[in-house]
Each structure stands twice: as structure tokens, then as C-alpha cells.
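Reading through the C-alpha cells given below for one structure.
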Amino acid sequence: MSPRRSTSSKSFSLKLAPGSSCTRTPARSCPGPGHAVCMTGPSSCILHSAMTPEQFIAERTALGLSQSALAEALGVDQGTISRWEAGKTRIPPAIELALATLKEKLHPMTAPRRPRVLVADPVAPEGIELLRRVADVDVRTGLQQDALVAAIPAYEALVVRSETKVTRPVIEAAAKLQVVGRAGVGVDNIDLDAATERGVIVVNAPQGNTIAAAEHTIALLLALARHIPQADASMRAGKWDRKSYLGTEVRGKTLGIVGLGKIGSEVARRAVAMEMRVLAVDPFVPVERARSLGVESVDFEQLLMLSDFISVHPPLTAATQGMIGAAEIARMKDGVRIINVARGGIIDEAALAEAVRSGKVAGAAVDVFTAEPPPPDHPLLGDPRIITTPHLGASTAEAQERVAIDVAEQIIDVLEGRPARYAVNAPLLAPETLQVIGPYMGVAEQLGMVATQLVTGKLEAIEIEYYGEITEHDTTPLRAAVIRGLLRPISEENVNIVNAHLVAAGRGWDIRETTRASHEVFLNLVSVKVRTSEAEVAVSGTVERAQPRIVLINGLDVDIAPERGMCIIVCDNEDRPGMIGRVGTLLGQFDINIQSMQVGRRAPRGRALMLIAVDEEPTPDQLAQVEAIDGIYNVRLVRL
Ligand SMILES: NC(=O)C1=CN([C@@H]2O[C@H](COP(=O)(O)OP(=O)(O)OC[C@H]3O[C@@H](n4cnc5c(N)ncnc54)[C@H](O)[C@@H]3O)[C@@H](O)[C@H]2O)C=CC1
Ligand SMILES: O=C(O)C(=O)COP(=O)(O)O
């Protein structure tokens with residue numbers, strides 16, 4: 001918390017959304033049913049939301065409903081409402097959503113519009129439930145490309161698994177898409193370049209289905225070794241055939257793993273437990289890491305030559321596509337068994353089918369295909385030595401619940417202006433960075449917005465200064481937020497951490513950034529300076545008690561708790577008796593209601609800054625009349 005100077009200013013108020021004081025930890029271990037951990041406890045976490053009785057009463061009052069009217073609208077009895085309001089019974093999370101829906105029904109014009117989320121592939125209900133707390137969610141699976149292109153303009157967020165292809169035409173058709181959530185690992189079905197250009201953040205759930213995919217791999221390995229699906233099919237056909245299915249033990253056999261990442265490592269661990277010798281090739285994994293798993297790091301050639309089983313676990317990239325083809329298979333042991341639970345195309349499908357047919361490869365197990373579903377005449381279908389599953393690697397109840405919650409949480413983060421934990425097309429930020437920097441994103445954007453609106457003339461220079469603990473972390477997200485804010489009042493461009501550097505470069509902006517370990521007054525401070533051909537402005541902000549504050553404008557103390565939609569008249573004036581009265585009287589004549597007012601000044605009777613938050617926006621002519629008051633140098637209108 002920043003120490004505050006004493007100030008004579010009157011503060012603007014900021015209404016906190018329920019739960020906005022909650023700081024979620026990135027390392028989840030959930031105290032509640034399938035939800036994220038909340039450091040402030042379930043009573044204030046938006047995910048657990050329980051509204052507080054005070055928040056509930058405030059909402060009911062805002063709706064203009066008596067206890068009995070609200071009870072009727074919510075379909076509960078009045079005693080329940082009384083108990084919630086008295087804090088005797090916990091308010092169920094669903095009630096917050098019900099209140100929002102009611103608000104929209106009763107006051108469609110004033111209720112803030114909720115963002116819309118399209119869920120285009122089957123996703124676990126736990127994730128959808130989370131999203132519904134903050135957004136309107138449509139579940140429409142199986143959409144063809146044309147239908148998706150037609151639907152996408154209405155949505156702020158899109159959730160997919162591997163089935164829906166998020167192509168360039170889909171991204172380009174999107175009018176307000178902010179985030180695509182991939183409820184799983186592989187993002188090869190999403191055009192990342194198109195998303196990056198448009199500032200659409202792509203997030204995935206890289207850990208939730210690791211164990212599911214590893215266990216599926218082991219299941220296929222054992223099924224291959226013991227012909228389980230074939231024997232089962234034989235019995236279903238009424239046979240009792242014990243001769244055809246002589247198996248092989250896996251103990252003492254060699255498993256070659258290509259790609260010792262999260263899934264590859266878990267497969268290795270399980271194979272070691274089954275007393276297999278495990279070899280691995282992964283150019284990006286240190287030998288020491290492999291050794292700690294009981295795995296021998298080898299080169300690709302050794303792996304091909306020495307393995308009895310080969311399982312591939314890299315992502316599908318230009319380098320891994322077709323990395324195992326006819327030539328590689330030819331160098332393998334006769335009777336090798338091959339497993340692919342990663343992506344179709346890493347192993348050449350036709351070459352693998354041919355090698356099984358020829359007997360070079362004793363069996364193959366394939367979960368993923370170049371085209372899904374594969375056409376009926378696909379070469380890997382129909383051979384009794386090839387076991388196939390319809391992309392089931394991630395299909396466990398546990399994995400689906402985890403990945404759905406992981407992406408839902410990140411989508412909520414993005415929609416509410418916070419950085420996402422696993423953004424695929426944004427700089428990777430350490431969880432500690434997110435925790436420290438995240439709360440400053442909002443104020444950084446607001447500083448940019450204020451700065452743009454306080455200057456006129458041609459832009460010459462932009463400088464951002466960071467002070468305090470925040471400088472110990474990667475400040476890229478703050479820079480992106482400032483750029484977003486600078487552009488917001490003047491451009492429709494969607495700017496975020498994903499494309500801020502492209503946008504700034506495209507406008508020829510050379511943004512200078514400086515960091516200072518401490519500030520004389522504030523523990524943390526972000527300062528945005530903009531110089532134009534006509535003016536120079538510096539606006540600084542911080543976060544106090546989880547609330548953004550704008551604390552300095554051109555070196556003068558102010559204290560603004562910025563709120564979206566706020567309208568502030570900023571008067572640069574001489575500090576002398578009667579100024580506030582004159583401006584107030586004039587605004588009164590215009591029937592403009594003053595929400596709050598404060599004056600920042602360096603010394604009595606010097607130059608001062610008057611900030612007047614108003615309920616109604618003045619016209620340019622009215623502003624000109626304020627500016628014409630004797631002692632006022634200039635007037636600007638700032639909208640947040
Ligand atoms: N069948 C299914 O349902 C599922 C499939 N997957 C697939 O599995 C893949 C792996 O997932 P994770 O283990 O979570 O990813 P990961 O990123 O943790 O691991 C991938 C590993 O492959 C390595 N690698 C990259 N290029 C390589 C190359 N040319 N040769 C050898 N190694 C290389 C990387 O260094 C990394 O260690 C995903 O990309 C996805 O395509 C993931 C989940 C479920
Ligand atoms: O997470 C992955 O990469 C997967 O392949 C899982 O795909 P799915 O979500 O089951 O369509």
C-alpha cells in the first residue's frame with residue numbers, strides 16, 4: 001500500500017464490483033468446489049462470490065424492490081431474503097447472476113452490458129458456470145466455418161477445443177473478439193498470426209490434461225502389447241481364441257519418447273515404474289532433467305534404432321510435421337510398436353499404415369489424425385494391428401473440468417482487463433509478475449486515456465516512468481496498457497499486450513521507458529508523459545487498497561478514483577478566491593450536476609488544477625464558456 005500525502009482534495013468514489021478485492025493465486029489448490037483459490041476467502045472472491053449482505057442490500061435497493069418483491073422475482077421466500085440480508089445464511093453464488101439478469105430485465109438501459117462468450121466445442125459445465133457469472137454464454141457446438149464467421153461478430157470471447165478451426169476469416173470477421181480460450185493444450189487449430197495482428201489474446205490450458213493424455217498413452221501401450229481391443233472384438237464376435245493374441249511384456253523393453261515435455265515426462269515416469277528402459281529425444285530439455293526422471297537422453301537416430309516402443313509427444317510444428325516417415329521407420333527395429341497421442345501428421349500416416357501392413361511395425365496405436373474425423377478410407381483405419389481412438393487423450397472427467405476452469409478463469413481475467421496466465425501469443429509472464437503488475441494494468445490504461453485527452457497538437461514524445469516494486473518485474477503489460485489508453489479516446493483499434501508493440505511501431509511511436517527503484521511518496525507509481533507540439537502533460541497513478549488512483553497531474557497533487565464512464569472537467573486556473581464558486585454556478589446554470597470536485601495546487605494563489613467530475617457531459621460551447629471565466633487558462637474534458 002502506498003503511503004499517502006495529506007491532501008485537502010475531496011475524493012471521487014469508486015464502486016467496487018463484488019469480489020474485486022480478491023487476489024487469486026496462480027497456483028490453484030481449490031478450497032471450494034472446483035474453483036480457484038482466493039486469498040481473501042470465499043466471502044469476497046468473485047469466483048466463489050458470495051455477495052456480502054451489504055452488497056446484496058445495495059443491489060436490491062438499486063433495483064427499487066422491496067424484500068417481498070425481490071423474493072417473488074427470485075422465486076424464494078421473503079424469510080430467505082431477510083436471512084441473506086442479515087448475514088445469517090450465505091448468499092449462493094447463483095443469486096448474483098440472477099440479480100444481474102433481473103437488473104437487465106428491469107432496467108435494460110442502465111444495466112451494464114455483459115460481454116458475450118461463444119462456446120463452440122463441448123466444454124465441462126464447471127467452466128461454463130464460471131463464465132456465466134460475468135458474461136452471457138451461448139453454447140453452440142458443431143458450427144461450420146460459415147456459421148462461425150457469421151456468428152462471431154457478436155462475441156467478446158470464444159471457447160474451443162480441437163474441433164473448431166479458428167481460422168483467419170473467423171478472426172477477421174470478429175468485431176469485438178478479445179480472447180480465444182483453448183480448453184486444452186494444442187493451439188494448432190487457431191490462426192495465431194491472425195489473432196496477434198488483431199490483438200486477440202489466445203489462452204490455453206497447458207496443464208489440465210497432461211495426466212489424462214499420459215494415461216491414455218500408457219493404456220494404448222499396454223493395449224498394443226496385449227492386443228486387448230482385438231481380443232475384446234474377437235470375443236464379441238463369439239470366439240474363444242487364445243492363440244492369436246500372444247502378447248509381449250513391457251518390463252525390460254525400451255520405450256523411446258520423442259518430446260519430453262509435460263506429457264512425455266509423465267509417460268516416462270509411468271514407463272519407468274513398469275520397469276521399462278526409457279530413452280528420450282528433446283532438444284529443449286536438459287540432460288539433467290531427463291536423468292532425474294530415470295530417462296536416458298539420446299539422439300534421434302539412437303532412439304529410432306534402440307526402441308521397442310516409440311511414442312511421440314511434441315507439438316505439431318513445421319519441424320515436427322512428418323518427422324517420422326518411411327525413411328525413419330526403415331531405421332527402426334523390426335517389430336517396433338508406435339504410438340501417437342500428440343497430433344496427426346507428426347508420423348506420416350500413409351508410411352505408418354504401410355509399415356504395419358508389411359510387418360516392419362508390429363502394431364500402432366493412434367489417437368490423433370491429420371484430418372479429424374478421418375475419412376472412412378483412411379489408411380490407418382481397419383487394420384487389426386492398428387488400434388485407434390477418436391482423439392480421446394484429454395477425455396477424462398477430471399481433465400475436462402480442469403481445462404474448462406483454467407480457460408474460463410483466464411477469459412474472465414482478459415474480459416476484466418487483467419493479464420492471462422497462459423496467453424499463447426503474449427509474452428510469458430511469471431506468476432509473481434502477474435500478481436504484482438496485474439493490479440496496475442487498469443490505472444496504466446487510465447493514465448494513457450487522461451494524457452491523450454489533456455493535450456492538443458502533434459505528438460512528439462511519449463515517456464513512461466515506473467517507480468517502486470513494480471520495476472522488479474517485467475513491465476511489458478503496463479506499457480501495453482498505457483498504449484491502449486493513449487489510443488482509446490482517439491481510435492477504435494483493439495490494443496493489448498498481444499499487439500501493442502505492433503500498434504506502437506505502426507504509428508512510429510518511440511516510447512521511452514525509465515525505471516526507478518523508489519518514489520519519494522508512493523511505493524509504486526506509473527507516470528505517463530506526453531509531449532506534443534503544443535503542450536506537455538504528465539499523469540501519474542498508483543493502486544491503493546486494490547483501487548486505482550490518479551495522484552498527480554503535471555506535478556500537482558490530485559486524488560481521482562477513476563471509474564469507467566466517468567466524465568471530468570479539468571480546469572487549469574489561477575488559485576484565487578471565488579474560482580470554484582464561479583465554475584460551479586455556471587455548471588448549475590447549464591443544469592450539469594457535479595459529482596465531486598477537487599483542487600490540486602502547488603502553493604496558495606499559484607497555478608491550480610480544478611477537477612470536476614460531472615454527471616452530465618458539457619457541450620463544447622458550455623466548456624468554452626467555462627474557459628472564458630477570468631482566471632481560467634484552459635479547460636479540457638476527460639472521459640474515462
Ligand atoms: N491426444 C490428446 O488428446 C492430446 C494431445 N496433446 C498434444 O500433445 C502435445 C504435447 O503436449 P505437452 O506435453 O503438454 O506439451 P509440452 O510443450 O509440455 O511438451 C512438448 C515437448 O516437445 C518438445 N519438442 C518440440 N519440438 C521437438 C522436436 N522437434 N523433437 C523433439 N521434441 C520436441 C518440446 O521441447 C517440449 O518439451 C501437444 O502439443 C498436443 O499437440 C495434448 C493434450 C491432449
Ligand atoms: O489438449 C490438446 O491438445 C488435445 O489434443 C485435446 O483435444 P480436445 O480438447 O480433446 O479436443
Side-chain angles (χ1 to χ4, degrees), residues 119-124 127 141-142 159-166 180-190 192 202-220 256-270 279-287 289-290 293 295 297-304 310-324 328 339-347 365-370 372-373 387-404 406-407 422 424 428:
V119 177
D121 282 332
V123 165
T141 57
V159 183
V160 297
R161 283 175 60 193
S162 60
E163 278 163 58
T164 298
K165 309 295 171 221
V166 188
V180 177
R182 188 334 186 178
V185 181
V187 286
D188 43 309
N189 54 325
I190 301 167
L192 291 180
V202 178
V203 302
N204 73 347
Q207 290 173 355
N209 63 23
T210 301
I211 299 300
E215 288 184 356
H216 195 65
T217 306
I218 296 295
L220 291 177
I257 294 179
V258 179
L260 196 63
K262 289 183 288 296
I263 297 169
S265 296
E266 292 303 330
V267 169
R269 248 189 253 281
R270 284 152 182 75
L279 313 177
V281 52
D282 190 322
F284 310 105
V285 168
V287 173
R289 155 80 184 156
L293 289 164
V295 173
S297 272
V298 292
D299 63 33
F300 192 45
E301 282 310 307
Q302 288 173 304
L303 182 135
L304 295 179
I310 292 178
S311 190
V312 294
H313 298 284
L316 179 66
T317 63
T320 61
Q321 180 141 29
M323 72 188 292
I324 295 183
E328 288 72 25
I339 304 158
N340 184 1
V341 180
R343 277 294 177 272
I346 293 173
I347 303 173
V366 183
D367 183 48
V368 283
F369 299 84
T370 310
E372 295 182 356
I387 300 169
T388 51
T389 48
H391 202 149
L392 292 183
S395 293
T396 64
E398 296 85 349
Q400 284 311 309
E401 180 176 333
R402 277 194 294 264
V403 296
D406 274 358
V407 287
Y422 304 121
V424 175
L428 187 64

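Order of listing sets the numbers, starting from 1, for every ligand and every atom in it. Just so you know, these numbers use all the heavy atoms, side chains as well, and skip hydrogens, waters and symmetry mates.
Atoms CD1 and CD1, from I339 and I310 in turn, are 10.0 Å apart once rounded to the nearest 0.5 Å. Atom CG in L293 sits 5.5 Å away from atom CG in L260 (nearest 0.5 Å).
Contacts between L316 and ligand 1, counted as non-hydrogen atom pairs separated by less than 4.0 Å, are absent for every part of the residue. With a heavy-atom cut-off of 4.0 Å, H313 touches ligand 1 through its backbone alone. If you look at V341 next to ligand 1, the close heavy atoms, those under 4.0 Å, come from the backbone and the side chain alike. Under 4.0 angstrom from ligand 1, the non-hydrogen atoms of N209 all belong to its side chain. Contacts with ligand 1 closer than 4.0 Å are made by no heavy atom of H216, backbone or side chain.
Contact record, A205 with D406: CB-CB, 3.7 Å, taken as the closest heavy-atom pair.
Under a 3.5 Å cut-off, the side chain of T396 and the backbone N or O of A399 do form a donor-acceptor pair. Formation of a donor-acceptor pair under 3.5 Å by the Q302 side chain with backbone atoms of D299 is found in this model. A donor-acceptor pair under 3.5 Å links the side-chain atoms of T317 to the main chain of A319, judged by distance alone. Remark: side-chain polar atoms of S265 are paired, donor with acceptor, to backbone N or O of G261 under 3.5 angstrom. No side-chain donor-acceptor contact under 3.5 Å links Q400 to the backbone of V123. Using modelled atom types, no side-chain atom of R343 and backbone atom of F369 make a donor-acceptor pair closer than 3.5 Å.
Shortest contact from atom 40 (C) of ligand 1 to any protein heavy atom: R343 NH1, 3.8 Å. Atom 39 (O) of ligand 1 has as its closest protein heavy atom P315 CA, 3.3 Å. Protein heavy atom in closest approach to atom 44 (C) of ligand 1: A213 CB, 3.8 Å. When only non-hydrogen protein atoms are considered, atom 13 (O) of ligand 1 lies nearest to I263 N, 2.8 Å. Among all protein heavy atoms, the one lying closest to atom 19 (O) of ligand 1 is G261 CA, 3.2 Å. For atom 16 (P) of ligand 1, the nearest protein heavy atom (residue, atom name, distance) is K262 NZ, 3.7 Å. With respect to atom 38 (C) of ligand 1, the closest heavy atom belonging to the protein is V185 CG1, 3.8 Å. Residue, atom and distance of the protein heavy atom nearest to atom 32 (N) of ligand 1 are G259 CA, 3.5 Å.
Checked against side-chain contact (heavy atoms from CB on, under 4.5 Å), V185 has the following partners two or more places apart in sequence or in another chain: N209.
Residue contacts with ligand 1: A342 is included, with a non-hydrogen atom under 4.0 Å away. For the ligand labelled ligand 1, residue G184 lies outside the 4.0 Å heavy-atom shell.
Of the options V258, T320, V366, the smallest heavy-atom separation from atom 26 (N) of ligand 1 is shown by T320. In this comparison of A214, S162, P314, A280, the heavy atom closest to atom 24 (N) of ligand 1 sits on P314. Selection from D282, I257, V281 by nearest heavy atom to atom 37 (O) of ligand 1 gives D282.
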Stepwise salt bridge (Lys or Arg N to Asp or Glu O under 4.0 Å) test for E266 and R270: CA-CA 6 Å; E266 292 303 330; R270 284 152 182 75; 2.7 Å; yes

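Atoms of ligand 1 found under 4.0 Å from any heavy atom of P283 (numbered from 1 in listed order, with element): 30 (N), 31 (C), 32 (N).
Listed by chain and residue number, the protein contacts of ligand 2 are R161, S162, R182, A183, G184, V185, G186, N209, R343, H391, A394 (heavy atom within 4.0 angstrom).
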